[in-house]
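Order of the sequence lines fixes the chain letters, A, B, ..., with proteins taken first and strands second; residue numbering starts at 1 for each chain.
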2 protein chains.
Amino acid sequence: MKNKIPTERRTNALSKARIVEAAIEILDREGEDALTFRALAARLSTGSGAIYWHVADKNDLLATATDHVIARVTTNAVRGSTPQEVIRTMALGVFDAIHAHPWVGGQLSRNPWQYAVVRLLEGVGGQVQALGVPEHAQFNAVTALMSFILGLAGQYAAGARLFPPDMDRAAFRKTFLETVAARWSRLDPTEHPFVRQLSKVLPEHDDREQFLAGIDLILAGMESIR
Amino acid sequence: MKNKIPTERRTNALSKARIVEAAIEILDREGEDALTFRALAARLSTGSGAIYWHVADKNDLLATATDHVIARVTTNAVRGSTPQEVIRTMALGVFDAIHAHPWVGGQLSRNPWQYAVVRLLEGVGGQVQALGVPEHAQFNAVTALMSFILGLAGQYAAGARLFPPDMDRAAFRKTFLETVAARWSRLDPTEHPFVRQLSKVLPEHDDREQFLAGIDLILAGMESIR
DNA sequence: ACCTGAACACCGTTCAAGT
DNA sequence: ACCTGAACACCGTTCAAGT
């Protein structure tokens, strides 16, 4: 009896799954700009053209990678007693996913028609329905929630693009926010009174808490409409 | 007496203002991708390197162009009886500006630290203050509003990137939304019941109305917090 | 001080040629 | 069917050289 595994496959064979996996590694470790077809091909020890046999183009590659990350969020967020709770955990799931993979933020906000967004739409939408929002208002309520999430995703990604991926992120964030706050505090007081005041709170604020506060604000608005 | 104008200047002299103006024309007429330093130099009949004497880099160029557009919005939105009204007109001003200059949407959402965003932050922030939102909640309220606006800006820009700039936009939008709706309606009913239902409303919806509904939802949430 | 334009160091994508 | 890698048509940015 030979020990030949029936579904034998060459470990080195290229496939969309393997390509996407390698792409995610590059994105996570070296940042958005580091993902090029040349770098990807080198890591997979193949030619850059070979990738096009499995993937339509760079957009396809990024959309598939993003969906891979977001799929985990929507499937994990099923827990929660009330619809509000589910929405919160799902939103925080997106937030944490973007924290772990900042490039996901850029990709989500740049391409709202990709499947990852449909996943989120469905997840949020079901809960909004369960919340008792009247049918004619559901579309606007869900897209409002989605725009907020995608907007914050974009801002978060913008922050991640600013610093070299090998740096300590928390430390960089702190000094960066302090720099912005200092710039804001030097603005003309009559023209920018509010932003000057914001500059005092800016360096201390917690992104995650701020995000959740936004979600709660929109949920409160939906409550008052119902 | 010689008729020599004291502040005589060569009409052809390069300046940041002239460069930005030309850049905006290219962006509006031919889309985001058409703005290259080569195209810009050709239009100004100069060398591509000359632009760098007046502008730091492409990001500086885009940020300045964006600020140029947004400045008009914030200065024009001072009217309105209630703070809510001012916020609404300002938000719609942003919406209309992005409609007229889709590239502004991408630029705003991609770079939240540029001066144009500070302008909006100040404009919105002053009104949120006037609304009587307690000071500790102002930061979260304003950034929620801003994330929503920037999120929708990004989505709008994504839509604009999809079609060639020389096409009829309204017609393209219609057929595009119909295509998406058709795709959504073919999704698995047990996995995507909500999105399938959305697909019925999608092609008919009014972007501007949807945007305003989101603003009102957040305003209602702020109301309930006060 | 301001401008020129060739040169540099990249991109994504294509495609003839291989196995 | 799948892969190779040179070639194509671009980019943003730099910089020696001009005026």
Side-chain angles (χ1 to χ4, degrees), chain A residues 7-27 29-66 103 106-107 110-111 114 158 161-162 164-165, chain B residues 7-27 29-66 103 106-107 110-111 114 158 161-162 164-165:
Chain A
T7 55
E8 170 183 354
R9 55 184 70 199
R10 295 145 57 206
T11 354
N12 284 341
L14 227 45
S15 69
K16 184 156 183 176
R18 271 197 69 220
I19 292 171
V20 169
E21 191 191 351
I24 291 180
E25 273 175 38
I26 293 178
L27 288 163
R29 284 225 268 270
E30 300 165 64
E32 261 185 280
D33 292 344
L35 182 68
T36 66
F37 277 77
R38 275 166 249 259
L40 192 54
R43 168 178 279 258
L44 294 163
S45 39
T46 182
S48 59
I51 298 168
Y52 282 90
W53 189 263
H54 302 273
V55 149
D57 51 23
K58 196 170 184 183
N59 195 50
D60 179 24
L61 179 61
L62 281 167
T64 312
T66 302
W103 51 273
Q107 181 58 23
R110 213 175 304 123
N111 187 356
Q114 63 189 316
R161 261 194 308 274
L162 290 172
Chain B
T7 56
E8 170 181 353
R9 54 185 70 200
R10 294 145 57 206
T11 353
N12 284 340
L14 226 46
S15 70
K16 186 157 183 177
R18 271 197 68 219
I19 292 171
V20 169
E21 189 192 351
I24 292 179
E25 274 176 37
I26 293 176
L27 288 162
R29 286 225 269 269
E30 299 165 65
E32 261 184 281
D33 292 344
L35 181 67
T36 67
F37 276 78
R38 275 167 249 261
L40 192 54
R43 168 177 280 259
L44 293 163
S45 38
T46 181
S48 61
I51 297 167
Y52 283 89
W53 189 263
H54 302 274
V55 150
D57 51 24
K58 195 170 184 182
N59 195 51
D60 178 25
L61 179 61
L62 282 167
T64 312
T66 302
W103 52 274
Q107 181 59 22
R110 212 176 304 123
N111 185 356
Q114 62 190 316
R161 259 195 307 277
L162 290 172

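Remark: side-chain polar atoms of Arg18(B) are paired, donor with acceptor, to backbone N or O of Ala13(B) under 3.5 angstrom.
Between His54(A) and the phosphate of dA1(D), there is no side-chain N or O to OP1/OP2 separation shorter than 4.0 Å. Side-chain nitrogen and oxygen atoms of Trp53(A) include none within less than 4.0 Å of the OP1 or OP2 phosphate oxygen of dC3(D).
Between Lys58(B) atom NZ and dC10(C) atom P there is a gap of 19 Å when expressed in whole angstrom units. The distance between atom CD1 of Ile19(A) and atom P of dT13(C), rounded to the nearest whole Å, is 13 Å. Taking atom CZ of residue Phe37(A) and atom P of nucleotide dT13(C), one finds them 5 Å apart after rounding to whole Å. dT13(D) atom P lies 10 Å from atom CG of Leu62(B), rounded to whole Å. At whole-Å resolution of the value, CG in Asp33(B) and P in dG12(C) are 14 Å apart. In this entry the distance linking CG of Asp60(B) with C1' of dT13(D) reads 14 Å, nearest Å. Following rounding to the nearest Å, Leu44(A) (CG) and dC3(D) (P) show an atom-to-atom distance of 10 Å. Distance, Tyr52(A) OH to dC3(D) C1': 15 Å, rounded to whole Å.
Within the 4.5 Å cutoff, side-chain heavy atoms of Leu35(A) are placed close to those of Leu61(A). Side-chain contact check for Gln114(B) versus Asp60(B): every heavy-atom pair is 4.5 Å or farther apart.
In terms of position on DNA chain D, the residue among Gly47(A) and Arg38(A) whose nearest nucleotide sits closer to the 5' end is Gly47(A). Heavy-atom distances to DNA chain C give each of Gly49(A) and Ser45(B) a nearest nucleotide, and the one nearer the 5′ end belongs to Ser45(B).
Note on Ile51(B): nothing from the nucleic acid sits closer than 4.0 angstrom, heavy atoms only. Among the heavy atoms of the strands, none lies under 4.0 Å from Leu40(B).
Note that CG of Leu40(A) and CD1 of Ile51(A) are 4.0 Å apart. Values are rounded to the nearest 0.5 Å. Taken from CD1 in Ile26(A) to CG in Leu44(A), the straight-line distance is 7.5 Å, to the nearest 0.5 Å.
Considering only side-chain atoms of Thr36(B), the nucleotide from dC11(D), dC3(D), dG12(C) that sits closest is dC11(D). The side chain of Ser48(A) lies closest to dG5(D), out of dG12(D), dG5(D), dC2(C). Between dC11(C), dT13(D), dG12(D), one nucleotide has an atom nearer to the side chain of Asp57(B) than all others, and that is dT13(D).
dA1(D): Watson-Crick or G-U partner is dT19(C), with both key distances under 3.5 Å. Base pairing analysis places dA6(D) opposite dT14(C); the two distances defining the Watson-Crick or G-U wobble pair are each below 3.5 Å.
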